[in-house]
Protein chains: 2
Amino acid sequence: MSSIKDVAREAQVSIATVSRVFNNPGVVSDQTKTRVYSAAEKLKYTPNFSAKTMRKSIVGTIIVMIPDISNTFFIDIVHGAQDYAEMRGYNILMGRFDILHFDLRKYVELVKSKAADGIVMALGHNRHFASVAEAKNIPIVTIEEKFMENPYIYVDNSEAINKIVEYLISKGRTRIGFLGFKSEKERLFAFKNSITKNGLEYDEELVKKGDEFGEAVYTSAREYVETILKNGKIPDAVVCASDVLAAGVIKWLIKNGLRVPQDVAVTGFDNIEVAELVHPGITTVEQPREIMGREAARLLINKIEGQEVAKKIGFRTRIVIRDSA
Amino acid sequence: MSSIKDVAREAQVSIATVSRVFNNPGVVSDQTKTRVYSAAEKLKYTPNFSAKTMRKSIVGTIIVMIPDISNTFFIDIVHGAQDYAEMRGYNILMGRFDILHFDLRKYVELVKSKAADGIVMALGHNRHFASVAEAKNIPIVTIEEKFMENPYIYVDNSEAINKIVEYLISKGRTRIGFLGFKSEKERLFAFKNSITKNGLEYDEELVKKGDEFGEAVYTSAREYVETILKNGKIPDAVVCASDVLAAGVIKWLIKNGLRVPQDVAVTGFDNIEVAELVHPGITTVEQPREIMGREAARLLINKIEGQEVAKKIGFRTRIVIRDSA
DNA sequence: ACCTCCCTTGAAAGCGATTACATACATGAA
DNA sequence: TTCATGTATGTAATCGCTTTCAAGGGAGGT
């Protein structure tokens, strides 16, 4: 690889001039610029990234961390962040964390060693990770999670659940069940509130806290269906805290001879691809995932570049009506 | 941020010694080591990444490029690559490309500027991108795609399709249709071969080349179903080149009153989450995605580190039988 | 003709590390 | 005691680039 020195020699100018041609072309004469450009082209010169960032305080790379699950929900967030980051001239370093044994230190280290400038954490429903003392003083933005004093992006889960419940009620459903997550309380809480607020009875037996990730999700859905079948108390609608859960519930209801939505309406949450693909299509809540990713990246980059940023940014959700409810 | 110089001063040693403590601790005395460690701790010293890589020839970052679509297929590949890369001390820089207007240059530039060491491209079925002259002489490994003279990872599509076809035949299906991709010929070709080889008639009217990505996939599936319905020639089985296509076909068949698999069996390809989630579950072909990602990373890192690597590595597929066929 | 001022360019310091080479000291062999 | 050897550490060059400071030279003003 040829360096700035080689180009300088080839163009018969100093290395300072070569540097200027690429970083501050305005100050150098046209004639010199031409010479430098053609020398650079001839030698296939590409400025060395490390050398450059060693002199600058900003690297131009941000880390986006998502849980170690394959879920398009998180991918959209990454995409959104990436689009925005690219616009601002930043690259994305993919971080990944094990939802149960989460070690943030590695990534904090990456930022401290100036391999990256900051971190976006898309946490979903993970409440397991501990605070990391080292994580102080490095730029972090989280999504759907508050982490220390850092800015975060969130959606109004209560409002979303309430919208879903009221939609079901407007369709004449009165015995509404809920399948949520073990480690996420907000949606269940919102569900309970919404049910009582609307004058319905909150029935513990129609409510279950399932698993959030991996194969266990399917199992949770199946168990939920088996339970209500065994209890003989069949709800006329089930609100699920994710589309994957909803798809599972639909599948097992149908397998057991129930019709969706005629016998039981089912709603999801997230509006990922699955919601469109299954039959019947899932009525669900859409969160602006790409935009949330963008905004997280925006906050982070602004923070990295020393600007004041908002403490938090909230987004509203939107109900997507399909055939399942 | 404190630098090696600060630590040296604090520990009353030279910077060379500090560097040795972190890179080659064997040669420095225990006493000195202790002094340096505590000085480093006190000053919260973290070695600067750029400064380090400026002296080394290897950066420790590889780029993994996947199409700009949300598909768990590619995510698993990234995960596999990431696991392996981490083991070897490398980070993953997420690349992303627009499946239609693909510009490799940006990422090639990243490698040339030594922001990363090499590229893994998971191409799926994209045949659109042009060769990039600049991409010569940089370490690249592709998945499911041959790109210039670079090593690649592949699966035996013909064998997979043949296995699926023969499975269907063994279940008594004789009028088998195919829904493939516009830009991928291999699977269609394999299908045609398999059909004739097994003494069945290859019927153009039961074959369609659909879209591969995004919303257009659903449309392709719907159009396929509409076409066969309109023609009045209903196959008793449909082989689809992806699970998403298969899910779409199942959905539209059911909507039109046909039963899956009783009236029409449907098979997919990939074994992504969707195959498990929909009802009926999709019988499909599984590719070892994570392992493919791992192997790609392994080849790439070996190449980066100057070892000889295989020209290509093939994987066999496995049929996953569910209810749709 | 002389002095400013601006435009362009070069020289050199410095970013934070690694590492080849040199040096100092202790140890054991002769 | 002397010398060779090995161990621990320091000195300084170097990686490739940015940036400050200085300087050369032409243009314009007086």
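Below, chain A is the first sequence line, B the second, and so on; all start at residue 1. Nothing here was measured: the structure is a model prediction, and the numbers come from that model.
Applying the ring-ring contact (aromatic ring centres under 6.0 Å, His included) rule to pairs touching residues 3-54 of chain B yields F22(B)-Y45(B), sequence neighbours excluded.
At a threshold of 4.0 angstrom between heavy atoms, the contacts of S3(A) are confined to the sugar-phosphate backbone, with no base atom among them. Residue T46(B) is classed as a sugar-phosphate contact, given heavy-atom separations below 4.0 Å to backbone atoms only. Among the atoms of the strands shown, none is found under 4.0 Å from any heavy atom of V18(B). Residue contacts for T32(A): at a heavy-atom cut-off of 4.0 Å it reaches the sugar-phosphate backbone alone, with no base atom in range. In this structure, S19(A) reaches the bases: a heavy-atom distance under 4.0 Å links it to at least one base atom across the strands shown.
In this structure, K33(B) and A51(B) both approach DNA chain D, and ranking their closest nucleotides by distance from the 5' end singles out K33(B). DNA chain D is contacted by both G26(B) and I4(A); G26(B) maps to the nucleotide lying nearer its 5′ end (nearest heavy atom per residue).
Ion pair E305(B)/R88(B) flagged as a salt bridge, since at least one NZ, NE, NH1 or NH2 atom sits closer than 4.0 Å to an Asp/Glu carboxylate oxygen. Salt-bridge check for R298(B) with E295(B): passed, with a basic side-chain N closer than 4.0 Å to an acidic carboxylate O. A salt bridge is defined here as a Lys NZ or Arg NE, NH1 or NH2 lying under 4.0 Å from an Asp or Glu carboxylate O, and R289(B) with D270(B) fails to meet this definition.
For NZ of K52(B), the number of neighbouring non-hydrogen atoms (other residues, nucleotides, ligands) closer than 6.0 Å is 12 at most. When the shell of 6.0 Å around CD of Q307(A) is examined, it contains more than 12 heavy atoms from other residues, nucleotides or ligands. Counting heavy atoms of neighbouring residues, nucleotides and ligands inside a 6.0 Å radius, atom NZ of K106(A) exceeds 12 of them.
Scanning DNA chain C 5' to 3' for nucleotides with an atom closer than 4.0 angstrom to a non-hydrogen atom of chain A gives a first and last hit of dT8(C) to dG16(C).
Side-chain proximity of I15(B) to the nucleotides dG16(D), dG10(D), dA12(D) is greatest for dA12(D). The side chain of N23(A) lies closest to dT18(D) when the candidates are dT18(D), dA12(D), dG16(D). Nearest nucleotide to the side chain of A16(B), out of dT9(D), dG10(D), dT20(D): dG10(D).
For the side-chain contact (heavy atoms from CB on, under 4.5 Å) criterion with V18(B), the lone passing option out of V7(B), N23(B), T32(B) is V7(B).
Atom pair D30(B):CG and dT9(D):C1' shows a separation of 15 Å (rounding to whole Å applied). Atoms NZ (K5(A)) and C1' (dT18(D)) sit 15 Å apart, rounded to a whole Å. Computed from coordinates, the N24(B) CG to dA8(D) P distance equals 11 Å when rounded to whole Å. Rounded to whole Å, atom P of dT19(D) lies 13 Å from atom CE of M54(A). Going from atom CG of N48(B) over to atom C1' of dC17(D) covers 14 Å, rounded to whole Å. Per the geometry, CZ belonging to F49(A) stands 13 Å off P belonging to dC17(D), to the nearest Å.
Note on the helix from dA1(C)-dT30(D) to dA30(C)-dT1(D): terminal axis deviation equals 50°, with five pairs used at each end and the result rounded to 10°.
The side-chain heavy atoms of F73(B) and Q287(B), taken from C-beta on, include a pair separated by under 4.5 Å.
Formation of a donor-acceptor pair under 3.5 Å by the R96(A) side chain with backbone atoms of M65(A) is not found in this model.
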